[in-house]
Amino acid sequence: MADTSLNENRLSILVWQTSNLWQSKIRQILKSTDLTFNEYLILETLYKLTDEQDNITQQDICKNSSLDRSVVSQKINALEEKKLLNRSQPKDKRSYGLTLTENGILSVESLISIIENQEDLIFNKLSSEIFNFTNSLKLILGKKIRVKAKPND
């Protein structure tokens, strides 16, 4: 297949276009809800962290969602107003604990599989290369990568 534009082989443009495609598809799913993408990401992060730890803080959300602290702070206020999460008194007097309300849990559970299915539609096109692609993106971001063990010969 011939290249269709001068930028067709620019990796940075392709990453940007892929990100735009992904964001567009997720926003279409969220359009029928009262949630922004960042709000959903905070709820999903809180939902997943609930299985791993007891006192989840704003800092935990920032670390695990890769969202900026100011964005998380602002969106936590909005999610609290929407009655999707609660703040509890801080255990160490420095940071509030966060918990999902029943409505918050129901919202995440109703969306998580739909969003994951959409992501699969986008990224499963990579088939056997998905592991290498994921590691390549992690390398670019300066994160640790996993190495697949070679099967015994």
Side-chain angles (χ1 to χ4, degrees), residues 4-5 7-91 94-146:
T4 57
S5 75
N7 289 322
E8 189 79 14
N9 290 319
R10 287 192 55 201
L11 184 57
S12 56
I13 300 295
L14 293 172
V15 168
W16 176 65
Q17 289 173 330
T18 303
S19 177
N20 284 342
L21 170 68
W22 169 72
Q23 289 180 55
S24 172
K25 298 292 185 183
I26 301 307
R27 284 190 178 107
Q28 284 175 359
I29 292 168
L30 294 174
K31 196 175 199 176
S32 64
T33 70
D34 186 28
L35 295 172
T36 66
F37 179 74
N38 287 337
E39 289 170 346
Y40 170 76
L41 190 55
I42 290 166
L43 291 175
E44 180 188 287
T45 302
L46 184 54
Y47 180 80
K48 290 183 176 181
L49 285 175
T50 300
D51 290 339
E52 298 175 13
Q53 62 190 73
D54 289 332
N55 188 39
I56 301 163
T57 65
Q58 179 178 321
Q59 185 174 349
D60 295 321
I61 300 294
C62 293
K63 178 182 172 190
N64 288 281
S65 68
S66 298
L67 291 172
D68 183 77
R69 185 178 174 98
S70 63
V71 170
V72 172
S73 179
Q74 178 186 33
K75 294 301 179 181
I76 284 174
N77 289 336
L79 289 167
E80 194 172 31
E81 286 177 23
K82 293 177 184 183
K83 302 191 183 324
L84 297 173
L85 64 75
N86 289 319
R87 288 182 233 227
S88 59
Q89 286 293 27
K91 290 186 179 180
R94 292 178 292 168
S95 56
Y96 288 93
L98 301 170
T99 55
L100 290 171
T101 63
E102 189 63 33
N103 283 341
I105 292 169
L106 293 173
S107 293
V108 172
E109 289 179 342
S110 71
L111 289 167
I112 200 164
S113 63
I114 297 167
I115 288 176
E116 287 175 349
N117 287 337
Q118 180 59 59
E119 290 173 343
D120 287 345
L121 287 172
I122 296 169
F123 295 108
N124 281 346
K125 295 171 187 169
L126 295 170
S127 61
S128 64
E129 290 300 317
I130 200 160
F131 182 83
N132 292 331
F133 183 74
T134 302
N135 276 344
S136 296
L137 292 174
K138 287 179 180 179
L139 275 173
I140 290 168
L141 295 170
K143 298 178 183 272
K144 293 181 181 179
I145 62 169
R146 293 185 341 189

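Values below: all heavy atoms of this structure, side chains included; hydrogens, waters and symmetry mates excluded. Numbers for residues simply follow the sequence, beginning at 1.
- With values rounded to the nearest 0.5 angstrom, Ile76 atom CD1 is found 11.5 Å from Asn38 atom CG.
- Counting all heavy atoms, side chain and backbone alike, Cys62 lies closest to Arg69 at SG-CA, 3.5 Å.
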Practice problem: Apply the test side-chain hydrogen bond (donor to acceptor under 3.5 Å, both in side chains) to residues Asn132 and Glu129: give CA-CA distance (whole Å), side-chain angles for both, the deciding distance (0.1 Å), then the verdict. | Solution: CA-CA 5 Å; Asn132 292 331; Glu129 290 300 317; 3.3 Å; yes
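- Inter-residue side-chain proximity for Ile13 and Val15 is flagged as unmet; no heavy-atom pair is nearer than 4.5 Å.
- A 4.5 Å side-chain heavy-atom check between Asn55 and Leu98 finds every atom pair outside the cut-off.
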Quiz item: side-chain hydrogen bond (donor to acceptor under 3.5 Å, both in side chains) between Asp68 and Ser70: does it pass, once the steps are laid out?
Solution: CA-CA 6 Å; Asp68 183 77; Ser70 63; 2.5 Å; yes
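- Between Tyr47 and Leu43 the shortest side-chain heavy-atom distance does not fall below 4.5 Å.
- With contacts defined as side-chain heavy-atom distances shorter than 4.5 Å, the pair Arg87/Glu80 qualifies.
- When atom types are taken as modelled, the side chain of Glu52 and the backbone of Leu49 share no donor-acceptor pair closer than 3.5 angstrom.
- No side-chain heavy atom of Phe37 sits less than 4.5 Å from a side-chain heavy atom of Ile115.
- A distance-only check finds a donor-acceptor pair linking the side chain of Asp60 to the backbone of Thr57 [under 3.5 Å].
- Using a 4.5 Å heavy-atom cutoff, the side chains of Leu46 and Ile56 are in contact.
- At distances below 3.5 Å, at least one donor-acceptor pair connects side-chain atoms of Lys82 with backbone N or O atoms of Asp34.
- With hydrogens and angles ignored, the 3.5 Å screen pairs a side-chain donor or acceptor of Thr18 with a backbone N or O of Leu14.
- Considering every non-hydrogen atom in both Lys83 and Asn103, the closest pair reads O-CB, 3.9 Å.
- Classification of Lys48 and Glu44 as a salt-bridged pair holds, one side-chain N sitting under 4.0 Å from a carboxylate O.
- Contact annotation: the side chain of Lys25 never approaches that of Glu119 to less than 4.5 Å [non-hydrogen atoms, C-beta and beyond].
- With a 4.5 Å cut-off on side-chain heavy atoms, Thr134 and Phe123 do not count as touching.
- With hydrogens and angles ignored, the 3.5 Å screen pairs a side-chain donor or acceptor of Ser65 with a backbone N or O of Ile61.
- The heavy-atom pair separating Leu111 from Tyr40 by the smallest distance is CB-CE1, 3.8 Å.
- Between the side chains of Gln23 and Asn20, no donor-acceptor pair is found at a separation under 3.5 Å.
- Considering CG of Asn86 and OG1 of Thr99, their distance stands at 4.5 Å, rounded to 0.5 Å.
- When all heavy atoms of Ile29 and Thr33 are compared, the closest pair comes out as O-CG2, 4.5 Å.
- Counting heavy atoms of neighbouring residues, nucleotides and ligands inside a 6.0 Å radius, atom CD of Glu109 exceeds 12 of them.
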